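Take a look at the structure below.
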Protein chains: 2
Amino acid sequence: MSDAYYIHLTERLRELINDLDACEEGRLPAERTLAEHFRTTRVTLRQALAHLEGEGRIHRSNRRGWFVSPPPLDYDPTRDAGFNDYVKAQGRRPRTEVLLTDTRPHRPAAEALGLSTDQTFFHIRRRRFVDDRAVLSESLWVVPERAPGLLEGDYVSHSLWGQLRGRWGLTLAHRSLRLYSEALRAQEAEELGVAAGTAGLSVRRTIFDARRRPVEYDEEHWLHHALCITVDLENTS
Amino acid sequence: MSDAYYIHLTERLRELINDLDACEEGRLPAERTLAEHFRTTRVTLRQALAHLEGEGRIHRSNRRGWFVSPPPLDYDPTRDAGFNDYVKAQGRRPRTEVLLTDTRPHRPAAEALGLSTDQTFFHIRRRRFVDDRAVLSESLWVVPERAPGLLEGDYVSHSLWGQLRGRWGLTLAHRSLRLYSEALRAQEAEELGVAAGTAGLSVRRTIFDARRRPVEYDEEHWLHHALCITVDLENTS
DNA sequence: CAGTGGTCTAGACCACCCA
DNA sequence: GGGTGGTCTAGACCACTGT
């Protein structure tokens, strides 16, 4: 039924968003204001907003309101350019917050890396921002034998992978990626300032060095429209 | 607010889904029936269903009802194993329908491949099923000079890439992928039997041969929870 | 034609954010 | 404390699917 009112509403809101985008303040008016303006109810209005959210045109910050979404970030998970580098290269402003570090076993990491389940890891959990919007919550588990003293280092402002190569001479030779569309769970959602159940994209990486020794396992949870994944391959057939 | 009723409902429905999953018929009862059973309204019930849909536990076929979702398909877009092969390898049943073939210019393909915009292509549009559920709508544009006579061949039951290698001796040496979370547009949604705006995953591929000649460009639109993308890389740092 | 999901109304109260 | 989004009610009619 393409003549549903919320479809029409979606198009009208799209125009509004384009106008807002030109302005500084990319925030939409209150739902009640919009509903009144378009002579409909909040339910129908929210249906249209949800539609635009699904397209990645707008997003909401939990209980704060609706905002125009910036263009997605290009991201190549197969390259080890640091987050800071590729965000800056796209004219955006990166920021990283470390939420926690510890040393302990972690079953999924152990299984992915083929280690025994009581293997301990250096664990880093952090949150990353683009232009002051939290877009990524991630956890890394590094095999301590590969990078002794890692947690004493400055693993935030410098690229972690750069350090693994530079300080410990590791070659990140074998990498396995898994990408999956998900609904963000309570913890990640809270860290990213969105409602639980918001659409996300999960990236899991398992890395071995040139001697096939396990190096690292990590899980990334992205706001799903914050990124466009790109991969360039040469001669891998 | 984790004590919202729809959250509780979500958990109850999750149990119901697990039970249904064991049975043959993976269809949920009617919304009105469920709403009455849980002593709530359809609005609230649908909120819980939408939550589970976002998690990929259930999906709907437009106006037909809600169904338990099967596990996602593992898919490596960097390998050129045919769809039929890797679906079967996972114990699932593949099927392909050709929706249309023609020969004409296509601007996005031309731009991606670095050709002039009046370049014509062999165009194939098809729909692919896993266990009789339509999960993928795709269009391919092949440079005619690379594969003369392609559209007369049996490009359906055999792997297209296999033919490019076998019949025309092409090496698919340089590949560029773009993955993006999207909302399915009217045409793809209709082909997949879902409502427009349903969450999807878009995969775009650009391929050059060993001599860097343009070979093919394609766009895939997947139901977003129908697949888990996996990529294995060796020594690419 | 009966039953289903899709859309919509006109309200209401609550939890949280920010000034 | 005022305003915001988040949740919820109790209905209604429409469009489509399947028999």
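Because the structure is a prediction, the values reported are computed rather than measured. Note on naming: letters A, B, ... go to the chains in the order of the sequence lines (proteins, then strands), and numbering restarts at 1 for each one.
Applying the side chain to side chain contact (heavy atoms under 4.5 Å, CB included) rule to A:Ala189 yields the partners A:Leu184, A:Val194, A:Ala196; only residues at least two apart in sequence or on another chain are considered. In this structure A:Glu220 satisfies the side chain to side chain contact (heavy atoms under 4.5 Å, CB included) test together with A:Tyr75, A:Leu136, A:Glu138, A:Val203, A:Arg205, A:Asp218, A:Trp222, sequence neighbours excluded. When the ring pair (Phe, Tyr, Trp, His ring centres under 6.0 Å) test is applied to B:His221, no partner is found at least two apart in sequence or on another chain. Shown here are the ring pair (Phe, Tyr, Trp, His ring centres under 6.0 Å) partners of A:Tyr217, two or more places apart in sequence or in another chain: A:Trp141. Every residue two or more places apart in sequence or in another chain was checked for a salt bridge (Lys or Arg N to Asp or Glu O under 4.0 Å) with A:Glu216, and none qualifies.
Remark: C1' of D:dG6 and OH of B:Tyr6 are 8 Å apart, rounded to the nearest angstrom. A straight line from CZ of B:Phe38 to P of D:dC8 spans 14 Å, rounded to a whole angstrom. Rounded to an integer number of Å, the gap from B:His8 NE2 to D:dT7 C1' is 15 Å. Spacing between atom CD of A:Glu36 and atom P of D:dT4 amounts to 11 Å, rounded to whole angstrom units. With rounding to whole Å, A:Arg32 atom CZ is found 12 Å from C:dC13 atom P. Following rounding to the nearest Å, B:Arg39 (CZ) and D:dC8 (P) show an atom-to-atom distance of 17 Å. In this structure, the CG atom of B:Leu34 is 11 Å from the P atom of C:dT4, given to the nearest Å. The distance from atom CZ of A:Phe67 to atom C1' of D:dG5 is 11 Å, rounded to the nearest whole Å.
Annotation: proximity of residues 41-56 of chain A to DNA chain D (heavy atom, distance under 4.0 Å) is found for A:Arg42, A:Arg46, numbered in ascending order. Less than 4.0 Å separates DNA chain D from no heavy atom of any residue of residues 184-201 of chain A.
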* Please lay out, stage by stage, how B:Asp74 and B:Leu227 fare under the test side-chain contact (heavy atoms from CB on, under 4.5 Å). => CA-CA 6 Å; B:Asp74 280 336; B:Leu227 79 165; over 6 Å; no
* Run the numbers on A:Trp161 and A:Ile207 for side-chain contact (heavy atoms from CB on, under 4.5 Å), then give the verdict. => CA-CA 11 Å; A:Trp161 288 11; A:Ile207 300 173; 3.2 Å; yes
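The phosphate of D:dG3 (OP1 or OP2) has no side-chain N or O of A:Arg63 nearer than 4.0 angstrom. In terms of phosphate contacts, B:Arg60 brings a side-chain nitrogen or oxygen within less than 4.0 Å of OP1 or OP2 of C:dG6. Phosphate contact (OP1/OP2 of D:dC8, side-chain N/O of B:Thr40, threshold under 4.0 Å): absent. In this structure, A:Arg64 reaches the C:dC18 phosphate: one of its side-chain N or O atoms is under 4.0 Å from OP1 or OP2. Here B:Tyr5 does not reach the OP1 or OP2 of D:dC8: none of its side-chain N or O atoms lies under 4.0 Å away.
Within the structure, salt bridge (charged side-chain N to carboxylate O under 4.0 Å, His left out) contacts touching residues 81-92 of chain B (residues at least two apart or in different chains) are B:Arg92-B:Asp131. Legend: salt bridge (charged side-chain N to carboxylate O under 4.0 Å, His left out) pairs involving residues 42-51 of chain A, not counting sequence neighbours, sorted by first then second residue: A:Glu31-A:Arg42, A:Glu31-A:Arg46.
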